[in-house]
Amino acid sequence: AQTVTQSQPEMSVQEAETVTLSCTYDTSESDYYLFWYKQPPSRQMILVIRQEAYKQQNATENRFSVNFQKAAKSFSLKISDSQLGDAAMYFCAYRSAYYGQNFVFGPGTRLSVLP
Amino acid sequence: NAGVTQTPKFQVLKTGQSMTLQCAQDMNHNSMYWYRQDPGMGLRLIYYSASEGTTDKGEVPNGYNVSRLNKREFSLRLESAAPSQTSVYFCASSELPGSTGELFFGEGSRLTVL
């Protein structure tokens, strides 16, 4: 079974600085999808960014980018120019391309943004 | 543009009481899911439905039942609530099969069982 690990339960960053959240996963599959979801205090789960494993190019969405290292099974999220609104729980998630109904979530990283 | 709507947002139950969480999506998605979120554990899948008329157990199905009423609606029922079911529950949908299959979530329902 696949597992997703987020080794940083909590992190903080100064406003306007850059922060990187770590995620590693364990799988024997070659084709899969990876996601980062954001959960602000409102509780709503919001998709931040997605990465297809067959794509070598790292995904980017405005201030959010990933460092996808397939061989190392690592999928980190970089937030540039951090804003107060980035404060939230961040969840890394894995979805198999073969058994796609089961998403596996990591335990989350709580990010604080300091003014 | 409602997306995924779940009700109620908050509920307090006594041990042994029953209740149903309702979920509806207006994105014409085939797949729907129920997750629970507990501190330090991320989201764990309770049940999912790959299409209308089908349901399957996820990681933590014990104590729950589901109904896929039609393509839009997927309900979660607690027949005899227990304190261990105190949690935040999320309904989600996705376009699976096809596409990258990301989940679209409702706003969550906080359930407390006394």
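Order of the sequence lines fixes the chain letters, A, B, ..., with proteins taken first and strands second; residue numbering starts at 1 for each chain. Atoms considered below: every heavy atom in the structure, side chains included; atoms not considered: hydrogens, waters and symmetry mates. Everything quoted here is computed from the prediction, not taken from an experiment.
- When all heavy atoms of A/Pro107 and B/Gly40 are compared, the pair lying nearest together is CB-O, 3.4 Å.
- Side-chain heavy atoms closer than 4.5 Å link hydrophobic residues (I, L, V, M, F, W, Y) into clusters, and following such links, even through other members, never connects A/Leu21 to A/Phe91.
- For A/Phe103 and B/Tyr35, the ring centers sit 6.0 Å or farther from each other.
- Residues B/Phe90 and A/Gln44 are not in side-chain contact: their nearest non-hydrogen atoms beyond the backbone lie 4.5 Å or more apart.
- Within the 4.5 angstrom heavy-atom criterion, atoms from both the backbone and the side chain of A/Arg43 approach chain B.
- More than 12 heavy atoms of other residues, nucleotides or ligands shown are found within 6.0 angstrom of CD on B/Gln11.
- Between A/Phe105 and B/Leu103 there is a side-chain heavy-atom pair separated by less than 4.5 Å.
- Annotation: side chain of A/Met45 is in contact with side chain of B/Leu43 (closest heavy-atom distance under 4.5 Å).
- Under the 4.5 Å side-chain heavy-atom criterion for grouping Ile, Leu, Val, Met, Phe, Trp and Tyr, A/Phe68 is connected to A/Trp36 within one hydrophobic cluster.
- For B/Glu59, no part sits under 4.5 Å from any heavy atom of chain A, backbone or side chain.
- With a threshold of 4.5 angstrom between heavy atoms, B/Arg110 approaches chain A through its backbone and through its side chain.
- In the hydrophobic clustering of this structure, A/Tyr37 groups with A/Met89; members are Ile, Leu, Val, Met, Phe, Trp, Tyr whose side-chain heavy atoms approach within less than 4.5 Å, directly or through other members.
- Counting heavy-atom pairs closer than 4.5 Å to chain A, the top residue among B/Pro39, B/Ser94, B/Gly106 is B/Gly106.
- Residue A/Gln6: no heavy atom, backbone or side chain, is found under 4.5 Å from chain B.
- Residues B/Tyr47 and B/Leu69 do not share a hydrophobic cluster, defined by chaining ILVMFWY side chains whose heavy atoms lie under 4.5 Å apart.
- Around NZ of B/Lys9, the count of heavy atoms belonging to other residues, nucleotides or ligands within 6.0 Å exceeds 12.
- Between A/Leu47 atom CG and B/Phe105 atom CZ the span is 9.5 Å, to the nearest 0.5 Å.
- In this structure the side chain of A/Arg95 never reaches within 4.5 angstrom of the side chain of B/Glu102, judged on heavy atoms.
- Heavy atoms from other residues, nucleotides or ligands lying under 6.0 Å from CG of A/Asn62 number 12 at most.
- Both A/Leu84 and A/Phe64 are part of a single hydrophobic cluster, where members link through side-chain heavy atoms under 4.5 Å apart.
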